[in-house]
Protein chains: 2
Amino acid sequence: MADDTRTRILTATGELFRRQGYNGTSLSQVSTAAPATIGSIYHFFPGGKEALAAAVIDSTGSVYRELFEAIVAESDDVVSAFVNFFEGAALVLTESDYIDPCPIGTVAREVASTSEPLRQAADAVFDSWVRSATEVLVGAGIDPPHAADLANLFVAMTEGCFVLSRTKRSPEPLRAAARLVGPLIASALEEGGARTSRTSERGARRVRGIR
Amino acid sequence: MADDTRTRILTATGELFRRQGYNGTSLSQVSTAAPATIGSIYHFFPGGKEALAAAVIDSTGSVYRELFEAIVAESDDVVSAFVNFFEGAALVLTESDYIDPCPIGTVAREVASTSEPLRQAADAVFDSWVRSATEVLVGAGIDPPHAADLANLFVAMTEGCFVLSRTKRSPEPLRAAARLVGPLIASALEEGGARTSRTSERGARRVRGIR
DNA sequence: GTCTATAATTTGATAGAC
DNA sequence: GTCTATCAAATTATAGAC
């Protein structure tokens with residue numbers, strides 16, 4: 001199941017998007033990288049390149065939301081969860097020779113003005129990430145409007161640090177984010193009058209249940 | 001001078017990059033948008049599309065660094081300078097129908113793995129932005145290592161919010177950043193033991209002098 | 001489901017007249 | 001400096017045999 005043709009096409013396309021973006025990736029590259037013939041690509045994605053990209057955005061978006069929620073579930077408290085996220089991202093980026101960790105941000109920026117279906121697919125993914133982070137922060141005691149702002153900032157920081165770290169070929173921007181995000185969340189917890197900064201057991205169970 | 005052929009080509013290319021990125025923009029589109037013939041493009045940029053993109057990155061990078069420094073010079077204090085920056089960006093984005101405000105972030109992500117000259121050009125621009133913001137923050141009394149982290153975060157927030165706001169077709173992500181950046185800088189000023197949060201006169205003059 | 005062949009168009013780039 | 005004509009190669013997409 002893990003390497004049926006459709007999955008191979010999706011995986012190969014995601015990796016090519018991470019290196020070259022949407023317009024920089026051709027279907028012939030996907031065909032050789034998968035590997036799969038052009039005919040197979042159109043068999044599984046009759047909508048062509050645009051439909052393939054939409055499927056890549058959807059599946060990558062789910063994987064990364066689950067990754068974030070797994071980190072939250074495994075962390076001792078909310079503050080260290082966010083710190084762990086950025087430190088983990090810094091590690092992944094270095095080990096992958098600075099291939100972009102997220103194909104969605106690149107593709108979104110490329111096509112937001114030229115492909116409404118892809119823009120909406122990327123929008124739905126970012127929204128699901130913001131909602132997931134908001135839930136975690138609200139569950140820790142931060143009041144909803146402030147939590148939503150912080151969740152928005154969290155996703156923006158992530159995407160922005162990917163741009164900087166990838167361009168610089170250095171994990172430093174992500175490390176700087178890791179250093180700053182802890183105090184930022186911690187002070188929000190104090191203002192919110194949270195009784196404790198630890199992730200509630202109920203919240204952790206809910207998060208685990210999603211996987 | 002403002003509309004000589006070379007400048008027209010640079011401006012048109014920058015706008016096309018903002019809508020479609022690097023790989024999504026063809027030289028024939030540049031030719032009709034400038035307007036200028038293909039021959040003229042290769043006359044001014046013998047290195048072809050890649051050299052043209054490098055020139056766009058350089059000039060756009062300077063313009064935006066000067067814009068940031070102008071906002072700093074015109075703001076009453078450092079905190080409101082950063083708030084004003086994000087609120088201004090939110091306004092610009094809405095008025096431009098969510099065309100990406102920054103062609104550099106898009107192009108950098110597209111080509112960081114495939115064009116070393118363009119990756120380096122984008123890297124130099126981001127570095128100049130981080131250095132400029134660091135100077136401002138240090139000038140306000142924040143100790144240099146913390147100021148460098150905050151400057152890094154500032155540029156990452158900007159790029160990340162551009163991705164989100166453009167994809168969502170809403171100024172909200174930039175507005176959320178505007179709401180959070182004030183307290184963030186303010187608390188750094190307190191920790192740094194700054195005597196005042198106002199931009200020092202010396203700092204403001206230095207910033208003006210750069211233009 | 002997989003494969004080859006191919007259609008129709010566009011791409012970046014060059015040559016050379018003016 | 002500007003323009004037209006043109007090259008070779010690559011692009012998305014389709015048709016149809018197996």
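The sequence lines fix the lettering, A, B, ..., with proteins before strands; numbering per chain opens at 1. The figures that follow rest on heavy atoms only: side chains count, while hydrogens, waters and symmetry mates do not. This structure is a prediction, so every number in the text was calculated from the model and none was measured.
Following rounding to the nearest Å, N23(B) (CG) and dT12(D) (C1') show an atom-to-atom distance of 16 Å. When rounded to the nearest whole Å, the span between NE2 of H43(A) and C1' of dA13(D) equals 17 Å. Across the protein-nucleic acid pair, R8(B) atom CZ and dG1(D) atom P stand 12 Å apart, rounded to whole Å. Distance CD1 (I41(B)) to P (dT4(D)): 13 Å, rounded to an integer number of Å. What separates CG of L52(B) from P of dT11(C) is a distance of 15 Å, to the nearest Å. Rounding to whole angstrom units, CZ of residue F45(A) and P of dT14(D) are separated by 16 Å. L27(A) has its CG atom 20 Å from the P atom of dT6(C), to the nearest Å. Rounded to whole Å, atom P of dT11(C) lies 18 Å from atom CD of E50(B).
Using a 4.0 Å cut-off, some side-chain N or O of T5(B) falls inside it from OP1 or OP2 of dT2(D). Distances shorter than 4.0 Å separate none of the side-chain N or O atoms of S28(A) from OP1 or OP2 on dT12(D). Close to dT11(D), at under 4.0 Å from its OP1 or OP2, lies a side-chain N or O of S26(A).
Here the nucleotide nearest the side chain of S40(A), chosen from dT2(D), dC3(C), dT12(D), is dC3(C). Which of dA13(C), dT12(D), dT2(D) sits closest to the side chain of K49(B) comes down to dA13(C). Here the side chain of I38(A) is nearest to one of dC3(D), dT11(C), dA13(D), namely dA13(D). Distance from the side chain of Y42(B) is smallest for dT14(C) among the nucleotides dT14(C), dC3(C), dT2(D).
Within the nucleic acid shown, G48(B) comes within 4.0 Å of sugar-phosphate atoms alone, with no base atom in reach, counting heavy atoms only. Among the atoms of the strands shown, none is found under 4.0 Å from any heavy atom of S31(A). Across all strands, T37(A) comes closer than 4.0 Å to base atoms (heavy-atom distances).
Pairing each heavy atom of D58(A) with each of A121(A), the nearest pair is OD1-CB, 4.2 Å. Pairing each heavy atom of V78(A) with each of A140(A), the nearest pair is CG2-CB, 3.2 Å.
Using a 30° and 60° split on the angle between ring planes, F154(A) and F68(A) fall in the tilted class, from 30° to 60°.
Ranked by how close their nearest DNA chain D nucleotide is to the 5' end, G24(A) and P46(A) are led by G24(A).
Cation-pi geometry between K49(B) and Y22(B) is met: the NZ or CZ atom falls under 6.0 Å from the ring centre, inside 45° of the normal.
For R109(A) and T106(B), the side-chain atoms include at least one donor-acceptor pair closer than 3.5 Å.
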